Amino acid sequence: MIVALAGGVGGAKLAQGLYRVLPPDTLTVIVNTADDFELWGLHISPDLDTVMYTLAGLANPVTGWGVVDESWQALAMLRRYGYETWFQIGDRDLATHVARSDWLRQGASLTEVTQRFTRALGLRAQLLPMCDAPVRTLVDTPAGRFEFQEYFVRRQHRDAVRGIELRGIEQAQLTSPVRAALAAAQAVVICPSNPIVSIGPILAVSGMRAALHQTGAPVVAVSPIVGGKALRGPADRMLAGLGHEPSALGVARIYAGLIDGLVIDQADAEQRAAIEALGLRVLVTDAVMRDEEDRRRLAEETLAFARECAR
Ligand code: FO1
């Protein structure tokens, strides 16, 4: 079993590469749920859905989130009814949120709901929410404190980030499937997702770091920062705002003690020695995924690197 930890669009791309190059039923993706939220009475799990749609070949190729070939009739009607529609939910995507909310209301856990989706979509990978308890990322900015989607989508992540709170994280426990996947892992891959708000919440679930230490498997991460810039989203500014260096080295410092190796882009090759000085192995490669072939190539290189890192 290969276990990947992933958040939004960048993480989903590498997860898809892993899914394509691994035999069926040998990939588990543990996904961030701290940017889940309630909208129009529905439970939205953006990162779970982004990974699920991407692996199922259903993702919108332009945005990376949402469903391909969308229509927006429901959103237009909601707008006529006076609802705010800054969070764009298409008609096909809406079905996922309706079903998830219905099943949760009937008493299913988020883990069970996700399993129903993946089975229905014919996915031969296991997708697991990081936990079943509600955890919500709150972002402190000079303009006030915002729920994650309010900060990210409504305000277009323009605010400086001064602090992050993971509300509810104290109650979050490892689920049995997450524990079992980590115990069976031959390698763990931390995808190039935001280390603070995508991977950070996963690692903050009680028992997660211990389970990662206990697995005898190599743990490798892929840097989401290339040439000092985030490949997508506000990770570079967020790192700087929270006192981290926005660089591959800064990512290495955050993950040091947890990972055995870091994959960095050739643009950052000069940081190799400094990262190795932290006790990490380094793979320098083309870490930017422009198309599906890049996703497969980076997945293969990362898996080979993980085998080299095996303790
Ligand atoms: N991101 C946006 O920037 N704008 C949107 O309107 C938006 C809608 C949306 C709907 C469903 C979904 O699953 C994701 C959606 N996202 C949208 C992406 C998402 O909110 C962020 O990429 C993640 O939360 C960050 O990891």
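Note that these values count all heavy atoms, side chains included, but never hydrogens, waters or copies made by symmetry. Numbers here simply count residues along the sequence, with the first being 1. Small disclaimer: the values here were computed from a predicted structure and weren't measured. Note that ligands are numbered from 1 as they come in the structure, with each ligand's atoms numbered from 1 the same way.
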Protein N/O near ligand 1 N/O, under 3.5 Å, which pairs?
| from | atom 1 | to | atom 2 | distance (Å) |
| --- | --- | --- | --- | --- |
| ligand 1 | 1 (N) | W65 | NE1 | 3.3 |
| ligand 1 | 6 (O) | Q88 | N | 2.9 |
| ligand 1 | 20 (O) | Q149 | OE1 | 2.8 |
| ligand 1 | 24 (O) | D35 | OD2 | 3.0 |
| ligand 1 | 24 (O) | Q149 | NE2 | 2.9 |
| ligand 1 | 26 (O) | D35 | OD2 | 3.3 |
| ligand 1 | 26 (O) | D47 | OD1 | 2.9 |

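E301 and T285 share a side-chain donor-acceptor pair at under 3.5 Å. No side-chain donor-acceptor contact under 3.5 Å links S71 and Q73.
Q126 pairs in a side chain to side chain donor-acceptor pair (under 3.5 Å) with only one of the listed residues (T26, D25, T28), which is T28.
The pair R253-E245 counts as a salt bridge, with a side-chain nitrogen and a carboxylate oxygen less than 4.0 angstrom apart. Contact check on R100 versus D49 returns a salt bridge, with a Lys/Arg side-chain nitrogen under 4.0 Å from an Asp/Glu carboxylate oxygen.
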Intermediate values then yes/no, ring pair (Phe, Tyr, Trp, His ring centres under 6.0 Å), F37 and F87: CA-CA 11 Å; F37 73 125; F87 197 80; 4.8 Å; yes
